[in-house]
Number of protein chains: 2
Amino acid sequence: MASIRDVALHADVSVTTVSHAISGKRKVSEGVRQRVKTAMEELGYVPSRSAQSLAQGRTRILGLVVPDIGNGYFAELAKGVERTAIAQGYNTFLCTTGFDHARELSYLELVRSRAVDGIVYAAGAPPSGPELARVLGNLPTVLVDEEVPWAPLPTFISDNFEGGRAAATYLLELGHHQTMTVGGPEDLESSAQRIAGFTQAWRDGGGEQPVIASGGFTEKGGYDVVKAHLDLLQRKEVTCVFAANDLMALGILDALYDHRLTSPADISVIGFDDIGAARYARPHLTTIRQDVAALGSSATRAVIDIVEGRSENDARRNVRPVELIVRDSTAPLTT
Amino acid sequence: MASIRDVALHADVSVTTVSHAISGKRKVSEGVRQRVKTAMEELGYVPSRSAQSLAQGRTRILGLVVPDIGNGYFAELAKGVERTAIAQGYNTFLCTTGFDHARELSYLELVRSRAVDGIVYAAGAPPSGPELARVLGNLPTVLVDEEVPWAPLPTFISDNFEGGRAAATYLLELGHHQTMTVGGPEDLESSAQRIAGFTQAWRDGGGEQPVIASGGFTEKGGYDVVKAHLDLLQRKEVTCVFAANDLMALGILDALYDHRLTSPADISVIGFDDIGAARYARPHLTTIRQDVAALGSSATRAVIDIVEGRSENDARRNVRPVELIVRDSTAPLTT
DNA sequence: TTGAAAGCGCTAACAA
DNA sequence: TTGTTAGCGCTTTCAA
C-alpha cells in the first residue's frame with residue numbers, strides 16, 4: 001500500500017509538500033501540484049485515516065446513540081444524521097443501547113478512547129445524570145428528541161407541547177369532549193410535554209377532564225391501555241384517544257379492532273411522530289408529524305460546528321415545529 | 001489526557017510492559033500487573049484507538065452497507081450486525097447508499113483509506129461487478145441478503161426458494177388455484193428465487209398459470225400492481241397474491257382496501273420478510289419470516305473471523321431456513 | 001515556495 | 001520477566 005513517502009519520492013518533493021498539496025493548507029506551486037497529483041494517481045494513493053487521526057488528534061467520526069434502530073423513529077433520525085455527517089466528511093458509528101444503561105455506558109469507552117469527535121445522543125433518558133456528564137467530559141455532544149433538564153447541552157427537539165395542543169384542538173373541533181391521554185415513560189420530558197400541551201388545550205377548549213393512562217411508548221403498552229379501559233370505551237364515555245407516540249397509537253388501533261370497536265366510527269385515535277408504519281395501519285393513523293430527518297440533520301451540523309470550533313457548546317434549545325397530519329383514524333363525533 | 005508513557009512512569013515500568021499488561025500478549029508478573037492497573041486507574045487512562053489502529057494496521061471498525069436504514073428489514077439487520085460487532089470489540093460504520101451507486105462507491109473510500117477492517121454488504125445489487133471487486137481488493141467482505149453471482153464472497157441469505165415454495169403450498173392448501181406473483185427488481189436474485197420457488201410449487205400442486213407482475217420491492221409498486229390488475233381481482237380471476245416482499249404486500253393490502261376489495265375475504269395476500277409493519281397492518285399480514293437478525297449476526301461473525309485470520313474468505317453460501325407466519329391476510333378460498 | 005524533523009500514542013521485534 | 005527502540009503514516013512547527 002502506497003504511503004505519503006512513496007508519493008513524495010515519486011513526485012520528487014518532500015512529504016510536507018505532498019501533505020500540503022492534498023490539504024491545501026499551504027500554497028503549492030502549480031507545477032508541483034500537478035506532479036503530486038500524477039504521482040498519487042499512478043500509485044493509487046489514499047491517505048490513511050488512522051495516521052491522520054493520530055496526527056491530528058481527531059477522527060472525523062461521530063457517535064450516534066439511539067435506543068433501537070429497529071424503531072422507525074430512530075431509523076429516520078439515523079438517516080438524517082448519517083447523510084449530513086457524510087456530506088461534511090464524517091462517518092457515523094451506530095450505537096444502539098437497547099434502553100440498557102450498562103450498554104450505554106460501555107459505548108462511552110468510545111469517548112474515553114478518543115474514537116469519536118462528537119456525539120449525537122438520542123437515547124431517551126440517559127443514565128444517572130452526573131455519571132454521564134462526567135464521562136462525556138467536554139466531548140462535543142448534542143441531545144436530540146429528548147431534553148435532559150440537568151444537562152447543559154445543545155438540544156434539538158420538536159415542539160412537543162404545541163403538538164399536544166394541536167391534537168386537542170383538532171379533536172375538539174371534531175366535536176369530541178370526552179378523551180383519554182396515553183403517556184409514555186414517566187421520566188421522558190417529551191411525553192410529559194405532549195400530554196401537558198394536549199391537556200391544556202383540551203381544558204381551554206372546554207373538554208371534560210381527560211382519563212389519564214400510560215403505555216410506556218410501546219405498541220403493547222397501547223394495546224393494554226385499551227384492554228384496561230375497555231368498558232369506558234364501549235360505553236362511549238371516552239370517544240377519542242391521544243397517544244403520545246405512534247407506536248402506542250398503533251397498539252390502540254389494534255386492540256380496538258380486536259375488541260370489535262371501530263376507529264374512527266366508535267373511537268378517534270391520534271398519535272405522535274408519524275413513523276412509517278402509521279401509514280400502513282388501518283385506519284391510516286392521524287398523527288402529529290415530527291420532521292425527524294431534519295432534526296437529525298440540524299443536530300449533526302451542530303455537533304460538527306462545535307467539533308470544528310465554529311460554534312460554542314452552549315445549551316440552546318432548538319425547537320422545530322410539528323404538523324397535524326389528518327388521516328383516517330379520526331372523525332367527527334357521532335351521537 | 002494520559003498516555004501510555006504517563007502510565008509507565010507512574011507505575012515505574014516500561015511502556016512495553018504497560019502495553020502487555022493491558023493486552024495480555026506477554027506474561028507480566030502479578031505485582032507489576034497490579035501497579036500498572038493502579039496507575040491506569042489513578043490517571044484515568046484509556047488507550048487511544050487512533051494510535052492502536054495506526055500501530056496495528058487495523059481499526060476494529062466494520063462497515064455496514066445498506067440501501068436504507070429506514071427500511072425495517074435493514075434496520076433489523078443492522079441491529080444484528082451492530083450487536084454482534086460490539087460483542088467482539090468492533091464498532092460499526094453505518095453506510096446507507098440510498099440505492100445510489102455513486103454514493104455507494106464513495107463509501108469505498110473508507111476501504112481505500114483503510115478506515116475499516118471489513119465490510120458487511122447488504123446493499124442489494126452492487127455496482128458493476130468488476131469495479132466493486134477491484135475497489136474492494138482483498139478487504140474481508142461478506143454479502144448479506146442478496147447473492148451476487150459474479151462475486152466470490154461468503155454469502156448469507158435466507159432460503160428464498162423454499163420460502164416461495166412454502167407460500168405456494170399454503171395457498172394451495174387453502175384451496176386457491178388462481179394466483180398472481182409480484183416480483184421485485186429484475187436484477188435481484190432474492191426476488192427471482194422467491195418467485196421461482198413459488199411458481200414451481202404452485203405448478204407442482206396443480207395451480208393455474210400465475211399472473212406475473214412486478215412491483216420494484218416498494219409499497220407503491222405493490223399498490224400500482226393492484227391498480228393495474230384491478231379487473232382480474234374484481235372478477236375473481238385471481239384469488240390470492242404472493243408478493244416477494246412485505247413492503248409490496250402492504251401496498252397491495254392498501255390498494256385492495258382503497259378499491260373496496262377485502263382481504264382475506266376477496267383476496268388472500270402473502271408477503272415475505274416479516275418486517276415489523278407487517279404486524280401493524282390490517283389485516284395482519286401472513287408472510288414468510290426471515291430471521292434477519294440472525295442473518296446479520298452470522299455474517300458479522302464471519303467477517304470478523306476473516307479479519308482475525310480464523311477463517312478463509314471463501315465463497316460459501318450460507319442459507320438460513322425461513323418460516324411461514326400465518327396471520328389474517330390469508331383465508332380458504334370461498335366460492 | 002519548499003524541506004527537515006519532531007511528534008501523535010501505540011505495538012512488537014529484538015535484546016537483555 | 002522486563003526494557004529499548006524502531007516503526008506505523010500522517011501533520012505541523014521551524015527553518016531556509
Side-chain angles (χ1 to χ4, degrees), chain A residues 1-37 39-40 43-61 89 109-117 308-309, chain B residues 1-37 39-40 43-61 89 109-117 308-309:
Chain A
M1 190 112 319
S3 79
I4 197 173
R5 264 198 89 236
D6 301 318
V7 177
L9 292 173
H10 201 86
D12 198 30
V13 292
S14 71
V15 292
T16 311
T17 299
V18 175
S19 177
H20 286 116
I22 294 173
S23 70
K25 288 188 184 170
R26 181 164 100 173
K27 198 107 206 86
V28 170
S29 71
E30 189 49 31
V32 169
R33 239 183 49 70
Q34 272 308 329
R35 288 220 308 283
V36 171
K37 184 150 171 280
M40 283 175 49
L43 299 174
Y45 169 74
V46 176
S48 149
R49 281 277 292 267
S50 297
Q52 291 183 316
S53 296
L54 180 57
Q56 300 188 128
R58 28 171 291 186
T59 57
R60 277 157 46 222
I61 299 175
E109 202 64 15
L110 288 178
V111 176
R112 321 207 353 96
S113 65
R114 285 132 291 163
V116 296
D117 288 345
E308 302 191 342
Chain B
M1 191 112 315
S3 78
I4 197 173
R5 266 200 87 236
D6 301 318
V7 177
L9 291 173
H10 201 86
D12 198 31
V13 293
S14 71
V15 292
T16 308
T17 299
V18 175
S19 176
H20 285 118
I22 295 173
S23 70
K25 289 188 184 169
R26 182 163 100 172
K27 199 109 203 83
V28 170
S29 70
E30 188 48 30
V32 170
R33 239 183 50 72
Q34 273 307 327
R35 288 221 307 285
V36 170
K37 185 151 172 275
M40 283 176 47
L43 299 173
Y45 169 76
V46 177
S48 150
R49 280 277 292 265
S50 297
Q52 289 183 315
S53 296
L54 180 57
Q56 301 186 130
R58 27 172 293 188
T59 58
R60 274 155 50 220
I61 299 175
E109 202 63 17
L110 288 178
V111 176
R112 321 208 353 99
S113 65
R114 285 133 289 162
V116 296
D117 289 346
E308 302 191 341

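Residue numbering restarts at 1 for every chain, and letters A, B, ... go by the order of the sequence lines.
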* To do: State which residues pass side chain to side chain contact (heavy atoms under 4.5 Å, CB included) with B/S3; sequence neighbours excluded, sorted by chain then number.
  => B/R5, B/D6
* Please work out which residues in residues 3-10 of chain B have a non-hydrogen atom less than 4.0 Å from an atom of DNA chain D and list them by number. => none
* B/T59 (side chain) donor-acceptor with B/S53 (main chain) under 3.5 angstrom -> no
* Atom-pair distance (CE on B/M40; P on C/dC10), nearest Å -> 10 Å
* **Polar side-chain atom of A/R112 near backbone of A/L110 as donor-acceptor pair, under 3.5 Å** => no
* Structure fact -> side chain to side chain donor-acceptor pair (under 3.5 Å) filter on B/S113, not counting sequence neighbours, yields none
* Structure fact -> Residue set satisfying side chain to side chain donor-acceptor pair (under 3.5 Å) with A/S48, at least two apart, ordered chain then number -> none
* To do: Please round to the nearest 0.5 Å and tell me the distance separating atom CZ of A/R49 and atom CD1 of A/I61.
  => 5.5 Å
* Quick one: does A/R114's side chain have a donor or acceptor within less than 3.5 Å of a partner on B/V46's backbone? -> yes
* Residue list, side chain to side chain donor-acceptor pair (under 3.5 Å) with A/E308, at least two apart or on another chain -> A/Y90, A/R310
* Considering residues at least two apart in sequence or located in another chain, which fulfil the salt bridge (charged side-chain N to carboxylate O under 4.0 Å, His left out) criterion with A/R33? -> A/E30
* For B/A55, what residues pass the side chain to side chain contact (heavy atoms under 4.5 Å, CB included) criterion, not counting sequence neighbours? -> none
* Asked: Is any side-chain nitrogen or oxygen of A/T17 closer than 4.0 Å to OP1 or OP2 of C/dT1?
  -> no
* For DNA chain D, note the earliest and the latest nucleotide, 5' to 3', having some atom under 4.0 Å of a heavy atom belonging to chain B. => D/dT1 to D/dG9
* Could you tell me the separation between the CG atom of B/L54 and the P atom of C/dT11, rounded to a whole number of Å? => 11 Å
Produce the list of close N/O pairs, under 3.5 Å, pairing protein atoms with atoms of nucleotides 12-15 of chain C; give distances to one decimal.
{"from": "C/dA12", "atom 1": "OP2", "to": "B/K25", "atom 2": "NZ", "distance (Å)": "3.2"}
{"from": "C/dA12", "atom 1": "N6", "to": "B/T16", "atom 2": "OG1", "distance (Å)": "3.0"}

* To do: For A/A2 and for B/E30, locate the closest nucleotide of DNA chain D by heavy-atom distance; then report the residue assigned to the nucleotide nearer the 5' terminus.
  => B/E30
* Structure fact -> Contacts of A/H20 meeting side chain to side chain contact (heavy atoms under 4.5 Å, CB included) (sequence neighbours excluded), chain-then-number -> A/T16, A/S23, A/K25, A/R26, A/V28
* From B/R58 atom CZ to A/S50 atom OG, the distance as rounded to the nearest 0.5 Å -> 11.5 Å
* Structure fact -> Rounded to 10°, the angle between the first-five-pair and last-five-pair axes of the helix from C/dT1-D/dA16 to C/dA16-D/dT1 is 30°
* Asked: When you match B/S14 and A/P47 each to their closest nucleotide on DNA chain D, which lands nearer the 5' end?
  -> B/S14
* **Non-neighbouring partners of A/S29 that pass side chain to side chain contact (heavy atoms under 4.5 Å, CB included), sequence neighbours left out** => A/V32
